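Comments concern the structure below.
Below, read A as the first sequence line, B as the second, and so on, with proteins coming before strands; counting in each chain starts at 1. Not measured: the values here are computed from a predicted model.
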4 protein chains.
Amino acid sequence: MQATLALAQEIGYARLSIEAVAARAGAGKHTIYRRWPSKGLLFLDSLLSLNEPVLDYPDTGDVLADLREQIYAAVDLLASPPWGPLYRALIGEAQHDPAVAAALNDRFIRPQTDKTIARLKTAQDQGQVSPDLDLDLVMAILSGPLYFGLLITQESMTHDYIDRVLDALFTGMSPRH
Amino acid sequence: MQATLALAQEIGYARLSIEAVAARAGAGKHTIYRRWPSKGLLFLDSLLSLNEPVLDYPDTGDVLADLREQIYAAVDLLASPPWGPLYRALIGEAQHDPAVAAALNDRFIRPQTDKTIARLKTAQDQGQVSPDLDLDLVMAILSGPLYFGLLITQESMTHDYIDRVLDALFTGMSPRH
Amino acid sequence: MQATLALAQEIGYARLSIEAVAARAGAGKHTIYRRWPSKGLLFLDSLLSLNEPVLDYPDTGDVLADLREQIYAAVDLLASPPWGPLYRALIGEAQHDPAVAAALNDRFIRPQTDKTIARLKTAQDQGQVSPDLDLDLVMAILSGPLYFGLLITQESMTHDYIDRVLDALFTGMSPRH
Amino acid sequence: MQATLALAQEIGYARLSIEAVAARAGAGKHTIYRRWPSKGLLFLDSLLSLNEPVLDYPDTGDVLADLREQIYAAVDLLASPPWGPLYRALIGEAQHDPAVAAALNDRFIRPQTDKTIARLKTAQDQGQVSPDLDLDLVMAILSGPLYFGLLITQESMTHDYIDRVLDALFTGMSPRH
DNA sequence: TCATAAACGAGACGGTACGTCCAGTCTTTGA
DNA sequence: TCAAAGACTGGACGTACCGTCTCGTTTATGA
């Protein structure tokens, strides 16, 4: 059933209708309404079902390298054709529908955050990272620029861009460093 | 006419219809379609019209303090009741409608970015900021965490949160600093 | 099960659904479909089950008086609250569904007609009624005005009305009589 | 628009849907709902629009002959293919929907009744008909058997059948005549 | 006494139509 | 001459039932 996000790719999430999904899926509308209370949550489920082989973290001993690798992977995923625009649409929908926002957080953002934080915690224990850092904050700082690029300025996300962000973050931005 | 974003506050952007706006404004639908090609752009115009006294940059000589002040101001604006949810809705719409995304960039994001970059450039000239920094990147790094908090995790934006972000960014995140 | 024409009285035949009947009866829809092929026939069965103490004919020796009594009884039944509107609905359904029309004829109309005709036959044999009358026709002539009042003009059926119909029929309508 | 009772002839009134009418007419459903509050009233309007050349009464001076002619005409109309089943369906609908019943009376039954009564009144004045007859009652007596045959026993209405009804009514039914 | 079958309640399912709402276009009307 | 008012086609909404179809669970029978 979720396979009918084929439609989302064809005509775009905004023009997607539950009516059309039902028709494409050869299902009654009721069957869809029985399972999902709104278009947004149907779409979220569909999108996440594509991504079951989740983004897992490597642990090579070098935090910075591992973060870089993981962000490469995440961004490659989000930038690759099917996902990118659909993920943008999903975040867009979350701005209108609190249920989607909550589900997006619980089902995707939080798990990813937790993995990142776990990796950082290990690094903290090994002294690679300052022990008094708020790791949730670090997550926001690492992800933020990428989301800004994705949602606001809509730049294409290259590995080079990620490198420059990470360099700026870790070599510091003010001349005292 | 734009004053009818009163409706957006009352029922939310998602439930807003051009039909209702026209009725509320005592105008014909045609009159609205004549001026704005879509609900998104009408809403963008309306929202920006509220904000004409734009966020200008102080220059006290201390970049860091100035940035902090400016971000305080921006976040206070976005967090205050009318704006916050509406701005979120606007960014949400931008994810579905390229015209809104482009207009949002041109009419709001870019001007703000330009002001920030101008202020940073001054600081760079005065040696307060490393001369080889990509200032566009700095903008993404400064704004990103705030947008992440606004759009994704939907935390309430306090001055304290901003302080912690800025501290982390400027005192550095790895223990070598 | 038929007891759920309670529902028909509550919400009216037109709004009656097999789904609701099943729910009210605490039965599965299948169980109902197993017994009745359509809403109309279910309703017909239910309605007739109410009426088992059928309208039987008196035979006092006076045809006219007997007819009058029998029509009184029929009309009192049809005019009394539960029956009247439900019987009208049943005849209405018969106009749309040939199976209901046929069953209505076979199970209710014909038996009543047969009784009337039998009584008239007796009278004919006794010379109280002209021997060359088509008794089926007489049935139509006697019942017709009542059905006209019930279905078309929707007058309330009083004994007085019946008397006036019978008087007109039997004293004749043209001045030559 | 009403021309889309073509659909009623094709698939029958019972299976008729406003949705299908709108599609066939190339109209939006709203346009139909704007004009008619229900399927029944739409159908009634459509049906009556076919019949504008109404059944008018001849006046040859002989009431009985005139009545006969008029009933011939009415029954020929109702028996001819398009009308018969549709008129039956309309009366059926009137049993479920009081608005249809009222409109049917006001727009079709009453005018026809009035014409008949006017003709009878003339005859009464000329002494062709007993002066103390309730003419409304006569209408019920004349129409009733025909409606009984149409709606209940569903006999085909021949001129011969009408003749027999009228003969029975006017030559009287009891042997005293 | 137990196995086997029939009937049952429950309700999911693909569909059709409902009546409402809004989109975007087009027409009429009054200022 | 332009804008308000609003009619129009079109299409999606979310709901209600349709009639068909499994599901397990009683009942009831006959072995």
When rounded to whole Å, the CZ to P distance for the pair A:Arg24 and F:dA12 reads 14 Å
Would you indicate what D:Ser17 reaches in the nucleic acid, counting non-hydrogen atoms under 4.0 angstrom: base, sugar-phosphate, or nothing? sugar-phosphate
Report yes if a side-chain nitrogen or oxygen of A:Thr31 is closer than 4.0 Å to either non-bridging phosphate oxygen (OP1 or OP2) of E:dA12; otherwise report no. no
CZ of D:Arg34 versus P of E:dG19: gap in Å, rounded? 16 Å
Which whole-number value in Å describes the distance from A:Ile32 CD1 to F:dA16 P? 18 Å
C:Ile18, nearest nucleotide to its side chain (from F:dG19, E:dT25, E:dG14): F:dG19
Any luck finding a side-chain donor-acceptor pair between B:Glu19 and B:Ser17 under 3.5 Å? no
Counting heavy atoms not belonging to D:Arg34, are there more than 12 under 6.0 Å from its CZ? yes
Would you say C:Glu93 and C:Leu104 make side-chain contact, with heavy atoms under 4.5 Å? no
Of B:Ser38 and C:Ala27, whose nearest nucleotide on DNA chain E comes first from the 5' end? C:Ala27
Heavy-atom donor-acceptor pair, A:Lys29 side-chain to E:dG14 base, under 3.5 Å: no
Given A:Trp36, which of A:Leu42, A:Ile18, A:Leu44 fulfils the side-chain contact (heavy atoms from CB on, under 4.5 Å) condition? A:Leu42
Expressed as a whole number of angstroms, how long is the span from D:His30:NE2 to E:dA23:P? 13 Å
Atom-to-atom span, CD of B:Glu19 to C1' of E:dG24 - whole angstrom: 10 Å
A:Ala22 or B:Lys39, whichever maps to the more 5' nucleotide of DNA chain E: A:Ala22
Using whole Å, what does the distance between atom P of nucleotide F:dG6 and atom OH of B:Tyr33 come to? 17 Å
Can you measure A:Arg35 atom CZ to E:dG11 atom C1' for me and round it to whole angstrom units? 13 Å
Please give, in whole Å, the distance from F:dG11 C1' to A:Leu7 CG? 15 Å
So does D:Asp97 pair up with D:Lys39, basic N to acidic O under 4.0 Å? no
